[in-house]
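Below is one structure, written out as structure tokens; the observations come after it.
In what follows, every chain begins at residue 1, and chains take the letters A, B, ... in the order their sequences are listed. Source: prediction; values computed, not measured.
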Amino acid sequence: MVRVRIAPSPTGSPHVGTAYMGLFNLAFARSHGGRFILRIEDTDQTRSRPQYEMGIFNALRWIGLAWDEGPDIGGPHAPYRQSERTDIYRQHAGKLLELGTAYRCFCSESRLAELRERQIRDKSGAGYDGCCRNLSDDQVRANIDQHMPYVIRLKVPREGTCVINDRLRGEIRYEYAGIDDQILLKSDSFPTYHLANVVDDHLMEISHVIRGEEWLPSTPKHIQLYRAFGWDLPEFIHLPLLLNPDGSKLSKRKNPTSIEYYRDAGFLPEALLNYLGLMSYSRPNQEEKFDLDAFISDFDVDRISLGGSIFDLTKLKWLNGRYIRENHTPEDLWNTIKNWRCTDRLMSEAVRMMQPRMETIGDYFGKIGFLFSADIDLSQELLIPKKRTIDEIPPVIQTLIYQIDTITEWNAMEIERKVKEVASFWEWPIRDVTSILFGAMTGARVAPPLFDSMTLLGPDLVRRRLHTALGASGGIGKKKEAELEKKWLSRDKKADAPDTQSMV
RNA sequence: GGUCCCAUCGUCUAGAGGCCCAGGACGGCGGGCUCUCAAUCCGCUAACACGGGUUCGAAUCCCGUUGGGACCGCCA
């Protein structure tokens, strides 16, 4: 029985990479009469949020990927949310301790930080030094009695070669000597990815692990875990990555990565899904426009090519246009538009905001147009507040971008609070900052109130427009950006988590 | 820096030793159609990273070089 899964983490907006992996997993399952499972990997207590989990469900449903087992619908191996399975991981970690294939590590975070620093300085870079690997039972007992916090680490062999058999890439070899002892259970007694992922894949009887290429280097660790438990290996299939135009891994720093962005920017789910099916893949008949059923009907995992694919908006737009033209009558296109952003809820909100700013009814549509387009025309003058010069603008926009990514509750008050922080960082009157923002968001001088508008636009469209404005104002060099970020993050020691979302 | 992965037009790709002085699609350019624009149709543009092998024959196999990427967290 073929059983595959995607295992996203609810730590941000639902990522197109998740849908990409979902598509190939689903197609593989369907074409083999197997099952497609959705598992939520929310073991990072500090970054996981319920609203992000909901975002994943909604986004996957929107794009048309239906799962057979998952947190919301249950299944024979429930629960499918890792935060509800922590006992299972603790038990399994305990079992490894008994078997002697894992050990308790009492090293403090500060010792590890020092170690890392020293390794960077000496350019030795070998990871954890195995300090606690051979503690005697007495020492361990004594440490536990003193309530010293500890983690559980996997005993990775000191020598030998791990051979991965990847369906697409053949045999890949890693020397165990280059892999340090991985943490399996954190000191908060939550599992790390490695443990939870392997345990769940085994317990949920996953037959094929189809995931992003980024996981290739950690596969030896996973294989070693399977061995430590005495379990059979699944088949590994590492898919190439979705890329930014510059060839790096698709990231929201450089590109819209959120499925919600594409929805809000007016892309159709069937077009997006179709486009994803073109990434590193071509159907045997070379057809470029197809629906999910067609994709599944002749799906062949061995046709996947290995080079990463640049996620290119130009071709996506062309495809989307074809869907609009070829798959809709004017009547159902109107319905699609209504359900998109012309809802009563959004329109009445916009009317409320526009009422004081209109002289004729006709003013309405012209002035709220910015709420309904992916990109707006931007003239540079709109971005420059009175008595400021153009070269002052880009860094401010850059800090606004940093701020957007830290907002977890998307509402006007929260946005305002974050914008005020930017103003105080630059020691600017808030009016100057909002002036830039207003231009960047609306592309106009008259429009509804800024923070309300941003609320309606949503974080993804806002981020996109800030990037557009950054470019329009001349941009910021790589080096300068790095300096700025450092200054920004150290402004009061509370650095926020960086942008990572994995293609699971 | 170390380890691993990858390498065909600007982009997405076809190609599994002769069918390839490399095919399709997007884009770009030119043109037809048209009240504008778009759509549509026609044409053009543009690639096997480099160097060695193996072979009668290599985009395809092997080695090396170069280039790109990923990973090296009590994140996933």
Side-chain angles (χ1 to χ4, degrees), chain A residues 7-12 15 18 40-48 82 105 107-109 112-113 116 119-128 149-153 162 164 166 168-170 172-180 182-197 211-221 238 240-250 275-289 302-319 321-322 324-326 497-504:
Chain A
S9 302
T11 54
H15 202 280
T18 304
I40 295 293
E41 306 222 330
D42 57 347
T43 56
D44 185 344
Q45 290 283 278
T46 60
R47 298 205 307 150
S48 297
Q82 290 189 328
C105 168
C107 293
S108 66
E109 287 193 58
L112 295 177
R116 207 166 299 135
Q119 285 168 341
I120 290 169
R121 211 173 336 112
D122 308 347
K123 291 177 180 162
S124 52
Y128 182 60
Y150 64 85
V151 301
I152 295 179
R153 282 183 191 270
C162 178
I164 302 170
D166 186 90
L168 266 17
R169 293 159 211 268
I172 300 165
R173 285 155 207 285
Y174 283 91
E175 294 301 319
Y176 277 125
I179 302 167
D180 65 344
Q182 298 297 305
I183 293 177
L184 301 177
L185 210 64
K186 309 177 222 175
S187 53
D188 65 2
S189 84
F190 268 65
T192 59
Y193 168 79
H194 302 300
L195 209 222
N197 189 269
R211 62 189 355 173
E213 182 187 350
E214 50 184 346
W215 297 108
L216 209 38
S218 47
T219 306
K221 304 164 190 172
H238 288 94
L241 264 19
L242 256 24
L243 271 25
N244 295 313
D246 68 1
S248 56
K249 180 166 84 165
L250 192 65
Y275 183 65
L276 255 13
L278 253 21
M279 299 280 92
S280 295
Y281 188 75
S282 66
R283 293 186 56 208
N285 61 10
Q286 294 290 294
E287 259 173 15
E288 295 202 292
K289 182 168 175 257
D302 295 310
R303 283 188 69 82
I304 297 170
S305 61
L306 295 177
S309 315
I310 293 173
F311 192 83
D312 175 28
L313 283 291
T314 316
K315 194 159 182 176
L316 172 59
K317 281 183 188 166
W318 163 77
L319 237 198
R322 279 193 67 182
I324 287 177
R325 271 173 262 128
E326 298 169 12
D499 152 38
T500 51
Q501 175 113 25
S502 297
M503 298 185 188
V504 286

(Q) Please report the distance separating the P of B:A59 from the corresponding atom of B:U8, rounded so that it comes out in whole Å. (A) 15 Å

Q.
Going by the rule side chain to side chain donor-acceptor pair (under 3.5 Å), which residues pair with A:Ser108 if we only count those two or more places apart in sequence or in a different chain?
A. A:Ser110

Q) Expressed as a whole number of Å, how far does the P atom of B:C4 sit from that of B:A22? A) 37 Å

Q: Please identify each residue that fulfils ring pair (Phe, Tyr, Trp, His ring centres under 6.0 Å) with A:Tyr128, with sequence neighbours left out.
A: none

Q. Can a side chain N or O of A:Thr43 be found less than 4.0 Å away from OP1 or OP2 on B:A76?
A. yes

Q) When you compare B:U60 with B:A7, how far apart are their P atoms, in angstrom units rounded to a whole number? A) 12 Å

Q: Pick the P atom in B:C6 and in B:G53, then give their distance to the nearest Å.
A: 25 Å

Q. Taking N and O atoms by type only, does the side chain of A:Ser309 place a donor or acceptor under 3.5 Å from a partner on the base of B:C12?
A. no

Q) With respect to the phosphate group of B:C5, does any side-chain polar atom (N or O) of A:Lys249 fall under 4.0 Å of OP1 or OP2? A) no

Q | Under 4.0 angstrom between A:Ser248 side-chain N/O and B:G69 OP1 or OP2 | A | no

Q. With rounding to whole Å, what would you report as the distance between B:G23 and B:A49 at their P atoms?
A. 16 Å

Q: Would you indicate what A:Cys162 reaches in the nucleic acid, counting non-hydrogen atoms under 4.0 angstrom: base, sugar-phosphate, or nothing?
A: nothing

Q.
At under 4.0 Å between heavy atoms, how does the protein contact nucleotides 22-43 of chain B? Give one character per nucleotide, 5' to 3', with B, S or -.
A. -BBBSS-----------SS---

Q: For B:A70, take OP1 and OP2 only and decide whether either is under 4.0 Å from a side-chain N or O of A:Arg169.
A: no

Q: Return the orientation label for the A:Tyr193 and A:Trp215 ring planes: parallel under 30°, perpendicular over 60°, tilted otherwise.
A: parallel

Q: Could you give the distance separating B:U65 and B:C5 at their P atoms, to the nearest angstrom?
A: 14 Å

